[in-house]
Amino acid sequence: MINIVLFGPPGAGKGTQSMKIKEKYNLVHLSTGDLLRSEIAAGTELGLEAKKLMDAGKLVPDEVVIGMIDHKLKDNKDAEGFIFDGFPRTVKQAEALDSLMEENDMAISGMIALEVSEEELVTRLLERGKTSGRPDDQNEGLIRTRVHEYENKTAPVAGYYKEQGKFVSVKGIGSVEEIFTNLSETIQSL
Ligand code: ADP
């Protein structure tokens with residue numbers, strides 16, 4: 001079983017690369033951002049609460065995303081593996097993920113981080129905002145808030161996996177195919 005945490009700041013290309021990795025290795029793709037956006041689209045109470053925070057570029061509470069991942073793991077008992085995208089985003093989420101994995105007799109194979117500079121991220125997200133329809137992509141101030149939330153709360157998650165000897169980083173600049181080739185080699189070596 002392969003269970004990968006794909007890591008990196010907003011706009012690093014996690015969504016794009018997750019789709020390709022999922023196909024190649026037959027994994028279930030779990031993106032907490034996508035799960036939250038489905039809750040918003042469905043107009044659930046959870047979605048309404050999450051939307052306020054997401055539109056402000058802030059993280060939603062740990063319990064909310066941990067609960068969503070817990071459900072999805074239980075819904076996919078027969079999966080060959082998972083790719084986690086946008087989760088865990090705090091050390092608390094990383095600890096909860098380890099417990100959930102253990103409960104389900106699974107383990108994280110590795111965290112792979114996509115490395116991209118802040119200036120490149122802002123350019124990419126503003127470009128994506130022209131077509132994504134995502135309110136959090138349309139304003140430079142909000143994008144910088146997200147990048148700073150990442151630096152303050154999410155970047156430390158890398159340390160959590162480094163301590164376990166499970167951290168690898170890959171250059172996130174280049175063509176989608178080039179990055180995918182590097183990611184595939186890294187996955188092979190996990
Ligand atoms: P990005 O493209 O910025 O990486 P995502 O689609 O992964 O964005 O997430 C969008 C927003 O959803 C985040 O800015 C945050 O508000 C919320 N979110 C997604 N995943 C999490 C998480 N694991 N913990 C807390 N908040 C989250």
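The figures here come from the full heavy-atom set of this structure, side chains too, leaving out hydrogens, waters and symmetry mates.
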When you group the ILVMFWY residues by side-chain heavy-atom contacts below 4.5 Å and let the links chain together, are [Y] and [X] in the same group?
X	Y	result
L100	I108	yes
M68	V157	yes
M19	L35	no
I40	L53	yes

Are [X] and [Y] side-chain neighbours, meaning at least one heavy-atom pair lies under 4.5 Å?
X	Y	answer
M1	E80	no
I83	V28	no
V116	I173	yes
H29	F84	no
K22	Q17	no
R89	Y150	no
M111	I4	no
K92	E63	yes

Check whether [X] reaches the backbone of [Y] with its side chain - one donor and one acceptor, N or O, closer than 3.5 Å.
X	Y	result
E178	S175	yes
R124	G11	yes
S99	E95	yes
E115	G172	no
D70	I66	no
S109	I2	no
N76	A79	no
K166	L190	no

When rounded to the nearest 0.5 angstrom, what distance separates [atom1] in [X] from [atom2] in [Y]?
X	Y	atom1	atom2	result
L114	L6	CG	CG	5.0 Å
Q138	L142	CD	CG	9.5 Å
I143	L126	CD1	CG	4.0 Å
N104	L73	CG	CG	5.5 Å
M101	N3	CE	CG	4.5 Å
E151	K153	CD	NZ	13.0 Å

- request: Verify side-chain contact (heavy atoms from CB on, under 4.5 Å) between F87 and L97, making sure each step is shown before the conclusion.
  value: CA-CA 9 Å; F87 179 89; L97 178 60; 3.9 Å; yes
- request: Would you verify whether the NZ or CZ of K20 falls within 45 degrees of the ring axis of F180 while also being under 6.0 Å from that six-membered ring's centre?
  value: yes
task: Give the C-alpha distance, both sets of side-chain angles, the deciding distance and a yes or no for salt bridge (Lys or Arg N to Asp or Glu O under 4.0 Å) between E45 and K52.
output: CA-CA 11 Å; E45 196 174 323; K52 291 181 208 152; over 6 Å; no
message: The test is side-chain contact (heavy atoms from CB on, under 4.5 Å); show your working for R134 and R37 and say whether it passes.
response: CA-CA 10 Å; R134 282 179 51 171; R37 282 185 289 275; 3.1 Å; yes
message: Evaluate K51 against E39 for salt bridge (Lys or Arg N to Asp or Glu O under 4.0 Å), listing each step before the verdict.
response: CA-CA 9 Å; K51 183 170 172 28; E39 295 283 340; over 6 Å; no
Shortest non-hydrogen separation from A94 to P88 and the atoms involved: N-CB, 3.4 Å
message: Please find the pair of heavy atoms, one from G86 and one from T32, that lie closest to each other, and give the distance.
response: O-OG1, 2.9 Å
query: Given R146, which of L59, D137, L121 fulfils the side-chain contact (heavy atoms from CB on, under 4.5 Å) condition?
result: D137
- request: State which residue, out of T145, V122, L125, fulfils the side-chain contact (heavy atoms from CB on, under 4.5 Å) condition with E140.
  value: V122
task: Just do the side-chain contact (heavy atoms from CB on, under 4.5 Å) check on V65 and L36 with the steps written out, would you?
output: CA-CA 8 Å; V65 287; L36 289 166; 4.2 Å; yes
- prompt: For K24, does the NZ atom have more than 12 heavy-atom neighbours from other residues, nucleotides or ligands under 6.0 Å away?
  reply: yes
task: Would you kindly say whether Y25 and Q188 are connected by a side-chain donor-acceptor distance under 3.5 Å?
output: yes
query: Using the ring of each side chain (for Trp, its six-membered ring), is F167 parallel, tilted or perpendicular to F7, with breaks at 30° and 60°?
result: perpendicular
field: Chi angles and distances behind the side-chain contact (heavy atoms from CB on, under 4.5 Å) call for V64, E49
entry: CA-CA 10 Å; V64 172; E49 282 306 309; over 6 Å; no
